[in-house]
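Note sheet for the following structure.
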Amino acid sequence: MTRQAVLFDLDGVLLNSGPAVRTALAAVTTCATGHRTTPADLPPDALRRPRAEVLTLLGVSDPDDACNRWWDGALAAALPTTFPGVLRGLLALRRVNVAIGVVALQDRDRLPWYLPPALTDLLDVVITRQDAPAKPAPDGLHAALARVDVLTERAVFVGDSPGDMSAARAAGVLALGAAWGWHPPTALHTAGAHHLLPDPTRIGPSLLHHLTPFPAT
């Protein structure tokens, strides 16, 4: 049988990184403006907006310079952990010889300290924005599948943003929406999710049951 693959977005899907990102946004704002800023001061939809846009709203005059100076340090001070059930589900996929990959917007040089080692050990491939054009372009998904030698019709992609769903559909990969992530399920459905997953305990070999039959795009 042809090998199958499950690809994932990283933040908000495998990693419970929302609190860390919100803390980092507040810390960078504090350093850049000289005024104490806490996560409570962030807009409610901060995780769904571009980082530079949020920092501008908070009064940071040069978000790119501020992030170059302080982002990694702020993020490293509040490292995320995996969602409950993620490692168990990935291990179950590994046991049945399913290829496991991540297609993320993170920088590659951040991954050695950002990813929990237990998660890194279970990944066959990681594609970052340095490796391929960022989602919603499909290039990252195609690159990941090429590295593990899996056909698009034998793969699923689990993401938590409209851009993730668009990337999966453009790549010809079944799009599964992570309802526990940063974007509401309605947004994932509107963006073309073939199915919605209610919580991270659904990660495992059962994800591949959605491949038969493969929905028309």
Side-chain angles (χ1 to χ4, degrees), residues 3-25 27 47 51 67 71-135 137-150 152 154-161 163-164 167-168 171 173-178 180-182 197 199-208:
R3 195 181 189 194
Q4 297 173 305
V6 180
L7 304 178
F8 298 90
D9 181 41
L10 184 61
D11 292 295
V13 177
L14 298 179
L15 289 184
N16 184 17
S17 52
V21 171
R22 290 179 62 85
T23 297
L25 286 167
L47 296 179
R51 180 178 65 184
C67 287
W71 181 262
D72 278 3
L75 193 61
L79 289 173
T81 58
T82 55
F83 282 106
V86 163
L87 295 179
R88 182 173 62 250
L90 296 182
L91 185 59
L93 286 167
R94 173 62 64 87
R95 286 173 177 153
V96 294
N97 195 36
V98 173
I100 303 168
V102 161
V103 181
L105 297 177
Q106 288 289 346
D107 291 328
R108 178 160 290 281
D109 60 4
R110 185 179 295 134
L111 296 182
W113 54 263
Y114 187 70
L115 292 181
L119 175 58
T120 301
D121 290 345
L122 293 172
L123 301 178
D124 295 300
V125 60
V126 178
I127 300 295
T128 70
R129 61 181 181 177
Q130 280 79 35
D131 302 312
K135 299 171 291 185
D139 305 61
L141 278 71
H142 287 154
L145 294 176
R147 291 195 190 179
V148 295
D149 195 25
V150 172
T152 56
R154 302 291 289 171
V156 304
F157 180 62
V158 183
D160 72 328
S161 73
D164 290 336
V173 172
L174 189 139
L176 300 179
W180 62 90
W182 294 0
L197 307 174
D199 60 70
T201 65
R202 298 302 178 94
I203 292 173
S206 63
L207 295 178
L208 298 164

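Along the sequence shown, the residues carry numbers beginning at 1. This one's a predicted model, so the numbers in the text were calculated from it and none came from an experiment.
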Which atom of K135 lies closest to which atom of A167, heavy atoms considered: CG-CB, 3.8 Å

For the student: nearest non-hydrogen atoms of A5 and V98, plus distance: CA-CG1, 3.9 Å

side-chain contact (heavy atoms from CB on, under 4.5 Å) evaluation trace for F8 with V103: CA-CA 6 Å; F8 298 90; V103 181; over 6 Å; no

Nearest atoms (heavy-atom pairs only) where P84 meets P200: O-CG, 3.6 Å

Short side-chain to backbone donor-acceptor contact, D199 and T201, under 3.5 Å: yes

Separation between CD of Q130 and CG of L111, rounded to the nearest 0.5 Å: 8.5 Å

Within-4.5 Å side-chain heavy-atom neighbours: N16 and W180: no

CZ on R108 to CD1 on I127, rounded to 0.5 Å: 6.5 Å

Interatomic distance, D164 atom CG to L105 atom CG [nearest 0.5 angstrom]: 7.5 Å

Smallest separation among heavy atoms of A171 and T152, with atom names: O-CG2, 3.5 Å

pair I203-V158: side-chain heavy atoms closer than 4.5 Å: no

Test side-chain contact (heavy atoms from CB on, under 4.5 Å) applied to V13 and W182, step by step: CA-CA 9 Å; V13 177; W182 294 0; over 6 Å; no

Minimum side-chain heavy-atom gap L7-V173 below 4.5 Å: no

Which atom of L122 lies closest to which atom of L87, heavy atoms considered: CD1-O, 3.9 Å

Heavy-atom closest contact (A74 atom, A27 atom, distance): CB-CB, 3.8 Å

Check: Y114 and D72 side chains under 4.5 Å, non-hydrogen atoms: no

R3 and D149 ion-paired at < 4.0 Å: no

Side-chain donor or acceptor of D131 paired with backbone N/O of T128 under 3.5 Å: yes

Trace of the side-chain contact (heavy atoms from CB on, under 4.5 Å) decision for W71 with L25: CA-CA 8 Å; W71 181 262; L25 286 167; 3.7 Å; yes

Side-chain heavy atoms of Q106 within contact of L115, under 4.5 Å: no

Worked check of side-chain contact (heavy atoms from CB on, under 4.5 Å) between V126 and T120: CA-CA 9 Å; V126 178; T120 301; over 6 Å; no

Backbone of A178 reached by a side-chain donor or acceptor of D160 within 3.5 Å: no

Full working for salt bridge (Lys or Arg N to Asp or Glu O under 4.0 Å) between R94 and D124: CA-CA 10 Å; R94 173 62 64 87; D124 295 300; 3.6 Å; yes

From L79 atom CG to T81 atom OG1, the distance as rounded to the nearest 0.5 Å: 10.0 Å

Value rounded to 0.5 Å, distance of OG1 in T82 from CG in L90: 8.5 Å

Euclidean distance, L145 CG relative to R154 CZ, rounded to 0.5 Å: 12.5 Å

